[in-house]
Participant: 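Take a look at this one; I'll ask things after.
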Amino acid sequence: MRNTLGYRRAMDTITRFAPSPTGRLHVGNIRTALHNWMLARKAGGRFMLRIDDTDAERSEEHFVDAVRADLAWLGLEADGEERQSARLALYEDAFQKLKDAGRVYPAFETQQELELKRKIQLGRGLPPIYDRAALKLTEEERAANQAAGLAPHWRFRLDHEEAIGWDDGVRGAQKFDAAQLSDPVIRRADGSWLYMLPSAVDDIDMGITDVLRGEDHVSNTAVQVQMFTALGATPPAFAHEALLVGREGKLSKRLGSLGCDAFRERDMEPEALVALLARLGTSLPVEPIAQRQPLIDSFDLATFGRAPAKFDDAELERVNTAIVHQMNYADVSDRLPAGMDEAGWHAIRPNVGTVGEAAKWWALVTGPIKQPSFSAEDRAFLAEAAQQLEWGDNPWAKLTTRLKESTGRKGKALFLPLRQALTGMDHGPDMAELLPLMGEQEARARLAEA
Ligand code: GLU
């Protein structure tokens, strides 16, 4: 087995995110990527992207591009990238090595035969473990099968004598009895690879020290632990996080197709998604933390719970709003409507849930606006306001103080008609900040027009 670890310092943490480019990343994948990124960043190590594209038929190049684009949008830059389709020679080497050691064997059963075996076992109340019939074939029987034109698929032979166990970073001590597992198929009859062996080979070759993935991979890990050993390598540290589910408590279809595009469309900040997913399913509180470093510093597998993590859109929106309220003009200026300056952003920022909503409020500054119809009394009041309006520092404070004295109005009776005449709305950003943005002429005209 080739082992090209020369490029790294021994014991540096190296994690990887290994998506199959058969679709877009969904929120569950994004969470796994983020956690691997944080694990590496916290340790001062490396985070690798590995494209699991051995399935040539289902893998599509535009999905590879989309993975990269999504990671870039999320700010989860990888320190290196490998793709499995470029590494087939390595898998072939490992396969030969395992074959020479008697750890892989050819099998000839068809899908239907295997299905039938499973049904019979289940019918007898037995676990559907592969019966190793192919392992018991004699050399003559194998040769006869091949001569009859049957191409074998290949299984990895688990060592039933070797206890399987690891100290899982999330789940604690894990133990498996190899005899209770099926020898996994690692290669198809057409020579193509299933996920299991290439992943173990790459984890060894890329020097991966920590494999952090979803708990749906626990039984794969049990098998892969033996592959690492059979290939003469020490298995990496494993951690399996509980899966992400919808608020209803199920891994819904919707969640499985919820990805960066949908979040971008809803104008969610990547920082909001990161802040939420960093801590969802952990004992740490979800907080609107817009900076990476505090999230990285507090990242700790020991805080991860065993219960499924619940993803709630409303919670994402709350985090997003709180993060938008912390954003500086420089962070958002290229996404604001033309002419909206720093003062505009500061006036409007407390009233938006997303950056995009700023445009709606800014339109009230630039006009035209639609005023409600006012009572005769209010019209007289607003006409007086137009008279009293004086520009300079803090025109709103000056105007309302004067009007309070001259009309005796206060509270809602004082403020609401002014806001309505000036913005057409009965709620919105602080008028003291908004009024100077309108400009004197425009403000006077709106008051006079009422
Ligand atoms: N391509 C595999 C998947 O997406 C990778 C699993 C792993 O992290 O080993 O499920």
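Order of listing sets the numbers, starting from 1, for every ligand and every atom in it.
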Participant: Under a 4.0 Å heavy-atom limit, does Tyr195 contact ligand 1 with its side chain, its backbone, both, or neither?
Facilitator: side chain

Participant: Name the closest protein heavy atom to atom 8 (O) of ligand 1, giving the residue it belongs to and the distance to 0.1 Å.
Facilitator: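 The answer is Arg16 NH1, 2.7 Å.
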
Participant: When the ring centroid of His217 is compared with that of Phe238, is the distance short of 6.0 Å?
Facilitator: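 No - the distance between ring centres of His217 and Phe238 does not fall below the 6.0 Å cut-off.
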
Participant: Quick check: are there more than 12 heavy atoms from other residues, nucleotides or ligands sitting under 6.0 Å from NZ of Lys119?
Facilitator: no

Participant: I want to know whether Phe299 and His35 have ring centres closer than 6.0 Å.
Facilitator: yes

Participant: Which atoms of ligand 1 have any heavy atom of Ser199 under 4.0 Å away?
Facilitator: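 Here the atoms of ligand 1 in question are 9 (O).
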
Participant: Students should be able to answer this: which protein heavy-atom is nearest to atom 10 (O) of ligand 1, and at what distance?
Facilitator: His217 NE2, 3.0 Å

Participant: Any nitrogen or oxygen of Ala18 lying under 3.5 Å from a nitrogen or oxygen in ligand 1? Just yes or no.
Facilitator: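 For ligand 1, there is an N or O atom that lies under 3.5 Å from one belonging to Ala18.
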
Participant: Quick one: which ligand 1 atoms are inside 4.0 Å of a heavy atom on Arg213?
Facilitator: 7 (C), 8 (O), 9 (O)

Participant: Would you mind listing which atoms of ligand 1 come within a distance below 4.0 Å of any non-hydrogen atom of Asp52?
Facilitator: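 It comes down to these atoms of ligand 1: 1 (N), 2 (C), 5 (C).
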
Participant: Taking the six-membered ring where the residue is Trp, are the ring centres of Trp154 and Phe95 under 6.0 Å apart?
Facilitator: yes

Participant: For Glu139, is there an ion pair with Arg142 - N to carboxylate O distance below 4.0 angstrom?
Facilitator: yes

Participant: Can you spot which of Asp313, Asn320, Asp261 makes a side-chain hydrogen bond (donor to acceptor under 3.5 Å, both in side chains) with Arg266?
Facilitator: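 For Arg266, the side-chain hydrogen bond (donor to acceptor under 3.5 Å, both in side chains) check succeeds only for Asp313.
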
